[in-house]
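Down below is the structure, laid out as structure tokens.
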Amino acid sequence: MSILRKLSTNKVALFGLIVLVFLVLVAIFGPYLYETSPWKMVNRPFLPPMENTDLMLGTDTMGRDVLAGLVYGARISLLVGLISTMIALLIGVPLGATAGYFGGWIDEALMRFTEIFQTVPSFALAIVIVAIFEPSVYSITIAIALVSWPPVARLVRGEFLALRNQEYVLAARLNGQTNRNIILREILPNTLSPIIVMASLMVATAILLESALSFLGLGDPEIMSWGYMIGAARTVIRQAWWLSFFPGVAIAITVLALNLVGEGLNEALNPKLSGKRES
Amino acid sequence: MSIQTLFYIAGRLIKGLLVLFVIAIFNFFLIRAAPGDPAKVMAGEAGAADEVFLQQLREQFGLDQPLYYQLWVYISNLVQFDMGQTYRQQMPVFDLIMDRLPATLLLTGTAFVLSLGLGVLVGVIAASNHRKWIDSAISVAALVFYATPLFWLALMAVLLFSVFLGWLPAFGMETVGANYTGWDRVVDIAEHLVLPAMTLGLFFTAVYARMTRTSMIETGRADFVKTAKAKGMSPARVTFRHTLRNALLPVVTLAGLQAGQMIGGAVLTETVFAWPGIGRLMFEALFQRDYNLLLGVFFISSAMVVLFNLVTDIIYCLVDPRIELTK
Amino acid sequence: MNPVLKVEDLSIRLPVGADRPYAVNKLSYSLYPGEILCVVGESGSGKSMTANAVMGLLPKAIQVDKGAIIFDGKDLISLEEKRARDLRGNRISMIFQEPMTALNPLMRVEDQIGEVFLIHSNLSKQQRKARTLELLKDVGLPDPEKAMRVYPHQLSGGQRQRVMIAMALALEPSILIADEPTTALDVTTQAQILHLIKELQRKHGTAVMFITHDFGVVAEIADRVVVMQYGDMVEIGSREQVLNQPQHPYTKKLIAAVPPLSAPDREIEDRAGQKPALSVKSLCKTYVSPGGWFKPARTVHAAQDVSFDLYRGETLGLVGESGSGKSTVSRCIVRLLDADSGEILLGGSAIQDLDHKALVPFRKQIQMVFQDPYASLNPRKTVGRIIADGPIAQGVPVAEAMDRARELLKLVELPETALERYPHEFSGGQRQRVGIARALAHNPQVLVADEAISALDVSVQAQILELIDTLKKKLNLAVLFVVHDLRVAAQVCDRVIVMQHGKIVEAGDTKAVFEDPQHTYTQNLIASIPGADWRSEHQPTAVGQPA
Amino acid sequence: AEPTDGGTLNVVVQPEPPSLMIGIYSNAPTQQVAGNIYEGLLRYDKNLEPQPLLAKSWESSEDGTTWTFHLKENVTWHDGKPFTSADVVFSVDKFLRETNSRLRQSLEYVDSITAPDDYTVVFQLKEPFGPFIGLFETGTMPMVPKHIYEGTDYKTNPANHHPIGTGPFKFDEWQKGSYIHAVRNDNYHQEGLPHLDEIYWHVIPDAASRSVAYETGKIDVLPGGSVENFDIPRLTGLENSCVTSEGWEYFSPHAWLWINNRNYPMSDKRFRQAIMYAMDREFAKNALWNGYGKIAKGPISSKTKFFDEDLPDYEYNPEKAKELLKEMGYDGTPVRLMPMPYGETWQRWAEAIRQNLSEVGIETDMVATDVAGWNQKLSDWDYDLSFSYLYQYGDPALGVSRSYISDNIAKGSPWNNVEGYANEKVDQLFDEAATAFPDSKRAELYKQVQQQLVEDVPVGWLLELEFPTIYNCKVHNLIDSAIGVNDAFGTAWIEQ
Ligand SMILES: Nc1ncnc2c1ncn2[C@@H]1O[C@H](COP(=O)(O)OP(=O)(O)OP(=O)(O)O)[C@@H](O)[C@H]1O
Ligand SMILES: Nc1ncnc2c1ncn2[C@@H]1O[C@H](COP(=O)(O)OP(=O)(O)OP(=O)(O)O)[C@@H](O)[C@H]1O
Ligand SMILES: [Mg+2]
Ligand SMILES: [Mg+2]
Ligand code: NI
């Protein structure tokens, strides 16, 4: 598609895309290829990286393989990021679309509702939700989704407000199309590019949020994630820098890649920024 | 300021209060959904407890009453601006929060001003060197800081500046026991402020830098900038007199939204740097199930958000003559 | 006389990937003191690019390939930036097309004008203020003292353009470049601004390079004319020469496309006894923008007691200045807006109170063609779907609807292959054809066209007008034609309605209204049309009759 | 070296105490600070032998039912009022009976408390109570001023914010969230004490920050448990850094795994034994506790009286565990494992044991909770396996029996017989042992209890914990009693 082509001309975005694809592959296939369980104590604790060729990235406080943690953690970080973003979209898009399309008191009511969620400090809310429903992938994902949908709703509402009086939408109304059809077929496809851009950045933010929650000890204890690794390693950061360093870098790279792709998409999808006609 | 503006502000405040009210009720139920209660936590800490002790505590906290009654008590007190007593510290929630709020405001305020100033500056530099190496360098740096977990950065900063270099204190807000007064105290607090404000601010610096850059580039394409150039102005003058002011408008909006959120977002920084602010207070209150305190912190920080949003709107209105504070 | 400005063999290269290698190719002409040189040509022909080159404001990506621009004995292209800056705004100044965006929204008028003095002179603050006031008086702003203190958004478009002119003339430049300064304005305002420019130019002996695509404007103010096409200068000469004896085929084509300002004779059918396809009675629509606390709500009476009948086979023009309520009326009629009161009878049935569902069957009978060929087609849909979706929504089977779409494409003279393509692959004129095809998909009886040609280049305009006319005859349509360009109205409408402030001030057969306007507003409107004398029907047309 | 006077001591307190009124709040951080302000009648040396404090001497009747205490005569409260026997009677009989649930249970054995004169107090017991003389430590039985509390609502008395005690240090200021400050009590009743001028307890919520604080010299004392175990070797390796595991003798924290005896498969003794064999406690001790502590053999800590040396060992033996599981026909039902939400070490420990159990075929689901949730789940018996550690308070009758006797099976507290173990024989033995007299008779009974419990494995004993206290070597005499940093720093001094 033309978006992909445009993306591929943007070297930086292409780099981000390649990194991202690599990470996704690791997340999907890593655990099958790298069978050491990240929980298994395979060697002495605090084995520095590069010392043992089987354990390139060393071992943690309990002699578990750091590389295994990274490989298994990729899955959960990406999954939490993706799913929470998806949930946020599922809440934010319909809400914003309804508000923006119908306007009037519906808009007013929905926006007040959104405002409530925006007024509560989001990170604090996430912490409380996770703590209250006890840390698990589900509660973490939902908490992240719950605090990240309002911007989506606002964005979509804004787009709908702008587009609902576009002439092609008016034409659809004149054609006697139902509101549902107009929302879904006429307007929504045209709001996709900013939504996609936003979503790509939201995944990045969600990964950061997950790691921050884990850092505070609010991670899912059942599952290896990068955030958990840093959280667990922070107390030994002085003895074993590599324990928090590698997952930290992994997060930073993932978030970076997502950002690069997001920005690339933004440039490819937003003609205002595509910079061709600039004066 | 016209009477309309005053009415507008009053209207906004009332709306904000309504929102806060709903938030308070929402939070009330949210927090009660958590397992355990403050009595259990205290009993747990005591290392020994029996039902009598728990019952005593619950009675003391009013937790033996039915939930709807507790809500009623809470709300009717709240309406009179009374947030109740903390269970642990046994002092008025409001006093405790006011004790801690200045620290948070100092931290977030400094970080905010720092990041806004620095971010805008860097963004302007990047935009005026659009597509040159310095632009790329700034963009990459901003992206990296944007992508790096805050807490990780904080840990690294402590490691470097406090432990290895020994330049800056690693925790707390002032040197305890030194009893500095006047200027010395200011310097002391400033020293303590550097690291937390820096870590908290770096992320937002990156945000503002990116935003300013985009906005500057976009505004740079506006017609009035062309007009300004056609007047024969120097590029620097065009940038500062015309482009920047207009480009700052979206940054101001974002900044206003984030200024409020920063308070809640300071939890991590306050934890790592032992900064005695309300973020930490909230975090502790949560684990101690100190309902009143937790609700109070939420209420106050939400109120801050409402307030900051209003202030942003007012600033926006002052900066942009097109906006009228009505509706 | 020595030229103040000499453009010599100027070529400006476009970046790779642009639609053509050169924005401007081997351009040479001179500008003499005290003359108005009009540069005309269709969109994209390189008019603005030339102006930008003179101002030294070319975008970074675009380079002057070769050639020179001589001013005051110096080549502006090789002049170092600092020296060039001294000239800009001082000796050479410029006015832009969009008065709405060309002023800094955050600065007071006074400061924006004062800035020019600040940069190029060492006047004191008081002196700057005094000079600014003088300038504002010169450009005829009402209450100049107050105008100094206001922000651009508090001024109307015409007033802003006056501010721009004041700013450009502040230091009595030798050259004023005006890049389509009146395109965005109403005819009456345009007339005033043109008059103002001409007057000031005479007073100060400024040389003006006036860029426009409107031959009416050329006829109104030009001394000499440069015609551009695809970056080439195809013709240069005095106004009379170019307008009346154009040499180059492109110029001929352009001029031919300009409709003459006189209504052709039409048979006036007697409609008595015929049932109108659409009948509007006492339509009222008031916009109330909600006020704040104690702030009075702003009310705009966009339609007041509007009544008219529209019969099949006729074109009814709805004219009037911007904001007069034309769009409001047309939208109320198609029920995109709900009127406050009044009756809308479509084929005899009252539709003004029907709800969304009940309206569906009536939608077929009345359709609309929109103004913006870019915004009126959903960019994510194929042309086929765009045309067919309406009937599909009304219950027509998909295959049948697509067949019909194919037919319609033929009808609007587009290739059948267009069916599978997306809107962005078409030019503005072609898109407008798609828009028409979509409107016709339901076999409507009434077609409402709101500024359906305003966004198009003149030559394309002519084609679309012709198409609408043909279709009208072929399908026996009733057409409500909303337009602000009186030349167009004169050509295509059987009857016209003139609106002002939401009211109908005059209505009647086109010819009658144009030749003998009754209402002062109509008179004023007609008098403001630029180049009114040129190509009125009394003059011999050297170029043949347009459609 | 000779003690020198003066100086400021900077100590970490973690978490920030809820209050300093030790009579009402008997948790560790409260005592750590308030132990310097309030005092009990006695203190205990590292062998748990009673030492005079507010009481200068004491004696008991032959049958061990009448205890007479003679108070010091020069003691004043921080507000200047004299401390007398009336204060003691008020504190124990009125105040603590109402507010201190742990003491309340022991006071069941006390028939009456009387004050024949201003400086004599007599405790009349209903029957001999073995651990009675171990009850007089500050945290268990602090003296509170009668003149301030009598007739008031103890919980809301404003004096709770400004504690008045008899201790070597006076409360000065509490900057909530930052520090608590106490200053020297110039009228202290022990001649020449205290040496220090003032003490700051710093509140630093993050463990890593606490170690940095110590490292940078801002903190002199890191009480046991205030930094993560992984940091201990590094911190003790610093120049001028001293470490001691003393000062926990009275508490003797005993870590174990609650095993919910009510549910299958934990209801099967063989399953519980299998767990004991499956756990590599040696590894955990070394990897997680830096080798500090001692593998627990049974219910009674080896540091306290009545420990039975001859108990059999449950050594790490996965094969044996598997055999036992096979024998009982374990069907692989997964069990829930609840870590203790008290820091990284416990989390890691849970992960390690989870791995151990999975290696013998027991699959576990990790349950994440915070402190409140953990308390709730334990006290509602809503768990399968859960970590915990309990204090022994110097005597099995105070700190051990509570977790095993069937009388103590009651929902609502995480500190009683949470596992639901009920064995009449054990009940009877504990009961007898508490009131038997003299100690040799008690020792015999406790030996039998230990044998029985180790056979039944009602809970999975893990480790006799040691929480090393790390401190700057310039501080001397920091710990000189069995409650370590929880006692007053009256004799501590700083080398100038
Ligand atoms: N920034 C730019 N980058 C690339 N190409 C450009 C840029 N600006 C203009 N062009 C191209 O240069 C050519 C001339 O443009 P110019 O703006 O001079 O046209 P114009 O005659 O002023 O048209 P209009 O009447 O629409 O203003 C066009 O082909 C246009 O696409
Ligand atoms: N949604 C609206 N809310 C408030 N006022 C409106 C709205 N739409 C139009 N108006 C006002 O109603 C008046 C008539 O507007 P309308 O769009 O009908 O004019 P028009 O004749 O079509 O003008 P143009 O030639 O610029 O298209 C104007 O003053 C306009 O500002
Ligand atoms: Mg142009
Ligand atoms: Mg209109
Ligand atoms: Ni005149």
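We name chains A, B, ... by the order of the sequence lines, and we start the count at 1 in each one.
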**Message:** Out of B/Phe283, B/Trp275, B/Phe287, return the one with the most heavy atom pairs under 4.5 angstrom to chain D.
**Reply:** B/Phe287
**Message:** Heavy-atom pairs under 4.5 Å with chain D - which of B/Arg100, B/Glu270, B/Glu284 has more of them than the others?
**Reply:** B/Arg100
**Toward chain B, the part of D/Leu378 with a non-hydrogen atom under 4.5 Å** = neither
**Request:** Pick one of side chain, backbone, both or neither for D/Thr216, based on which atoms fall under 4.5 Å of a heavy atom in chain B.
**Result:** side chain
**Fill in**
Closest heavy-atom pair, B/Arg289 versus D/Gly373, reported as atoms and distance to 0.1 Å, is NH2-N, 3.9 Å
**Step-by-step side-chain contact (heavy atoms from CB on, under 4.5 Å) determination, D/Thr156 to B/Gln85** = CA-CA 11 Å; D/Thr156 57; B/Gln85 294 266 316; over 6 Å; no
**Fill in**
Under 4.5 Å to a heavy atom of chain D? For B/Leu281 that would be neither
**Request:** Heavy-atom distances under 4.5 Å only: say whether D/Gln31 touches chain B with side chain, backbone, both or neither.
**Result:** neither
**Message:** Please classify the contact of D/Pro17 with chain B as side chain, backbone, both or neither, using a heavy-atom distance under 4.5 Å.
**Reply:** backbone
**Request:** Please state whether the side chain, the backbone, both or neither of D/Lys377 comes within less than 4.5 Å of a heavy atom of chain B.
**Result:** neither
**Asked** Minimum heavy-atom separation for B/Leu286 to D/Asp370, with atom names?
**Response** O-OD2, 4.5 Å
**Item:** Proximal component of D/Thr99, with respect to chain B [non-hydrogen, under 4.5 Å]
**Value:** backbone
**Message:** Surrounding NZ of D/Lys155 (heavy atoms of other residues, nucleotides or ligands, distance under 6.0 Å), is the total greater than 12?
**Reply:** yes
**Request:** For D/Phe95, look at atom CZ and say whether over 12 heavy atoms of other residues, nucleotides or ligands are found less than 6.0 Å away.
**Result:** yes
